[in-house]
Amino acid sequence: MAKPYDLRRYPGFFGITILCLVILYAPLAVVAVYSFNASPSITIWEGFSLRWYVDVFTGPESAKFKEAAWNSFIIAIAAATTATVIATLAATAVLRTGKFRLRTLSVGLISLPLMVPEIVTAVATLIFFNAIAFERGLMTILFAHITFCIPFAYMPISARMQGIEASYEQAAMDLYATKRQAFMRILMPLMMPGIVSGFILAFIISLDDFIITNFVKGAGVETLPTAIFGAVKQGIKPNIMAISTLLLAVSILMVAFSWLIGRRNQVEGR
Amino acid sequence: MAGGAAPGGSVQSKTYREARGWLLLPAWVTLGILTLAPLTIMLVYSFLTKEFRGGVIWEFSLDAYDQFFFDRGLFGDEPPRIEWTYIGIFWRSIWQAGAATILSLLIGFPTACFIATRPEKERTLWVFLVTIPYWVNLLIRTVSMKFLLRDEGPLSDGLIAIGAISEPLGIVNTNLAVQLGLFYSYLPFMVLPIYAAVERYNFALSEAAADLYAPRWTVLRRILLPVVKPGIVAGCILVFVPSLGSFLAPDLLGGAKNFMIGSLIEEQFKGNAGNWPFGAAASMILLTLVLILLIASARQSQKRDG
């Protein structure tokens with residue numbers, strides 16, 4: 001029986017999808033446009049200019065933001081690297097060592113940082129460092145970041161490993177490769193797309209974090225989000241919009257990169 | 001997925017069995033020391049005596065929880081009455097997070113359905129478009145939202161210019177602004193699980209219902225919705241839980257009047273209140289709420305799966 005309409009289509013759903021995308025992009029687009037405003041006011045448009053970008057790199061607040069950006073970058077690299085290594089080893093244990101008693105518990109522990117609300121993690125971590133009298137500074141931020149990066153690194157890594165059959169390593173070992181060689185020369189290269197995705201995910205998550213960093217950072221130590229937050233508290237200024245637009249560009253580049261990797265991942269996986 | 005591995009098939013691989021302990025050790029040590037231990041110590045702190053201007057005195061006390069639930073007057077000698085201030089803040093947070101969740105569902109469900117019914121090649125692109133904003137720094141997204149919504153902002157000016165409103169918008173520092181901010185923060189979390197569920201949905205079911213003369217919206221309500229319900233529930237939890245404890249949206253968009261749990265807790269550690277045991281107790285109560293919610297939904301989905 002031919003129906004007068006297609007059951008997969010509902011009227012209005014296309015319109016709402018467009019609305020959804022407009023909502024998602026409009027605030028970011030508006031800020032990006034206004035970051036090129038020549039006026040020191042954030043309200044009046046006075047023509048195109050790059051002055052606020054110049055201001056970000058040479059203006060009176062540039063030293064503060066440069067240091068904060070450097071801190072953010074170092075912490076994100078270190079935290080994402082450590083978390084990726086830990087997650088890769090853990091995924092190998094969970095997926096390549098047969099069944100064992102602590103398996104479910106281990107997976108639960110790895111995903112625990114995802115279930116605890118961020119503000120609670122922030123409070124708990126601050127209290128913990130206080131209780132063991134560990135002085136707050138860059139190191140406390142790094143430790144906290146490693147912890148919440150682990151589940152994010154773990155997800156793509158374990159997904160990738162599930163897709164690689166053990167027969168590849170088996171074949172290598174049949175040809176007298178040691179287990180270490182099978183791991184390093186067979187499993188790891190096959191794992192690369194998943195590991196890179198996990199690293200990028202962890203890197204972005206670390207760069208993104210505000211609440212936990214704000215709690216565990218020492219006085220005078222800033223990352224980019226905490227520095228921006230401090231500045232925004234004084235009012236939104238055009239240089240903040242320029243910094244935001246730069247960060248926006250970085251995020252989009254990283255996502256595009258991880259998307260390309262993901263596509264390679266799929267092609268190879270077939 | 002690579003060629004036909006049975007579900008959990010790779011579990012049977014025991015290649016590195018001897019190294020298992022060493023492989024797991026870093027994860028256990030890191031998460032044990034930096035997640036389990038801190039949560040335990042937080043629980044302990046919530047039962048200690050407060051020291052003024054931050055910190056604790058190591059003396060057992062129920063003051064933190066008492067202060068949360070009961071009002072004993074200015075000098076603490078009156079008969080206890082229920083203290084509504086903090087319960088009210090929790091209640092407002094639940095309400096705000098709930099409103100943001102419903103808003104996300106109203107926009108997210110049709111979007112997810114639309115994307116899932118696109119030709120397969122197009123889907124990735126649509127999903128990509130929905131997820132990109134999630135990768136942008138949350139602080140920056142929230143600030144952008146404030147920039148857009150504020151009086152004299154582009155939205156307000158635009159609406160005045162086309163004559164839709166005559167006064168500035170006046171949204172910032174209201175409940176609505178917070179709801180919009182939360183909705184904006186977590187909208188992709190609603191779309192993705194629903195999309196995954198609708199993508200797996202077999203539209204032959206819809207065809208069958210329509211053949212039996214069900215109108216299309218009845219098909220949606222009675223056939224599609226119940227089948228993709230797990231995805232909807234997952235989406236709602238992914239939006240509701242982070243909204244409940246969020247700090248940035250209420251702080252930047254809500255102002256002082258629209259306090260939520262996140263701000264209440266933050267005050268105790270970073271702000272002027274400086275009452276650590278109370279902050280720890282409020283965190284414990286929030287954590288308990290969230291865990292109850294997660295466990296309830298996990299049991300629900302277990303029941304469904306048989």
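This one's a predicted model, so the numbers in the text were calculated from it and none came from an experiment. The sequence lines fix the lettering, A, B, ..., with proteins before strands; numbering per chain opens at 1.
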Is a side-chain donor or acceptor of [X] paired with a backbone partner of [Y] at a separation under 3.5 angstrom?
| X | Y | answer |
| --- | --- | --- |
| D208(A) | L138(B) | yes |
| R20(B) | T97(A) | yes |
| K270(B) | N214(A) | yes |
| Y16(B) | T92(A) | no |

Inset, instruction - Show your reasoning for whether side chain to side chain contact (heavy atoms under 4.5 Å, CB included) applies to L89(A) and L24(B). - result: CA-CA 7 Å; L89(A) 297 179; L24(B) 275 178; over 6 Å; no
Between [options], who has the most heavy-atom pairs with chain A when the cutoff is under 4.5 Å?
| options | result |
| --- | --- |
| L148(B), V44(B), I41(B), L34(B) | L34(B) |
| Y45(B), W126(B), F109(B) | Y45(B) |
| M145(B), K146(B), E266(B) | E266(B) |

Taking side chain as everything from C-beta outward and backbone as N, CA, C, O, which of these in [X] sits under 4.5 Å from a heavy atom of chain A? Side chain, backbone, both or neither.
| X | result |
| --- | --- |
| P277(B) | neither |
| F247(B) | both |
| A214(B) | backbone |
| L187(B) | side chain |
| F203(B) | side chain |
| I33(B) | both |
| L23(B) | both |
| L39(B) | both |
| E18(B) | side chain |
| V290(B) | side chain |
| L220(B) | both |
| F183(B) | side chain |

Per-residue contact mode, [X] against chain B (heavy atom under 4.5 angstrom):
| X | result |
| --- | --- |
| F229(A) | both |
| P151(A) | neither |
| I146(A) | side chain |
| M173(A) | side chain |
| R180(A) | neither |
| E118(A) | neither |
| D209(A) | neither |
| A182(A) | both |
| L19(A) | side chain |

Check: [Y] and [X] side chains under 4.5 Å, non-hydrogen atoms:
| X | Y | answer |
| --- | --- | --- |
| L248(B) | F210(A) | yes |
| V136(B) | L247(A) | no |
| S144(B) | V30(A) | no |

Using a 4.5 angstrom heavy-atom cutoff, name the option from [options] with the most pairs to chain B.
| options | value |
| --- | --- |
| L112(A), I18(A), I252(A) | L112(A) |
| I86(A), L109(A), T245(A) | L109(A) |
| L102(A), L21(A), I132(A) | L21(A) |
| F100(A), F183(A), Y154(A) | F100(A) |

Legend entry - Derivation and outcome, side chain to side chain contact (heavy atoms under 4.5 Å, CB included), residues V123(A) and I265(B): CA-CA 8 Å; V123(A) 167; I265(B) 293 174; 3.3 Å; yes
Inset, instruction - Please lay out, stage by stage, how I119(A) and I261(B) fare under the test side chain to side chain contact (heavy atoms under 4.5 Å, CB included). - result: CA-CA 9 Å; I119(A) 187 100; I261(B) 303 174; 5.7 Å; no
Legend entry - T35(B) vs T121(A), side chain to side chain contact (heavy atoms under 4.5 Å, CB included): CA-CA, chis, key distance, verdict: CA-CA 8 Å; T35(B) 304; T121(A) 307; over 6 Å; no
Inset, instruction - Mind telling me whether F13(A) and W217(B) have parallel, tilted or perpendicular rings, with 30° and 60° as the class edges? - result: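 Geometry flag for F13(A) against W217(B): perpendicular rings.
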On a heavy-atom basis, which atom in [X] and which in [Y] lie closest, and how many Å separate them?
| X | Y | answer |
| --- | --- | --- |
| V232(A) | L252(B) | CG1-CD2, 3.9 Å |
| Y184(B) | I23(A) | CE1-O, 3.3 Å |
| I16(A) | I107(B) | CG2-O, 3.6 Å |
| Y10(A) | R216(B) | OH-O, 3.0 Å |
| F128(A) | A37(B) | CE1-CB, 4.1 Å |
| Y134(B) | I205(A) | OH-CD1, 3.9 Å |

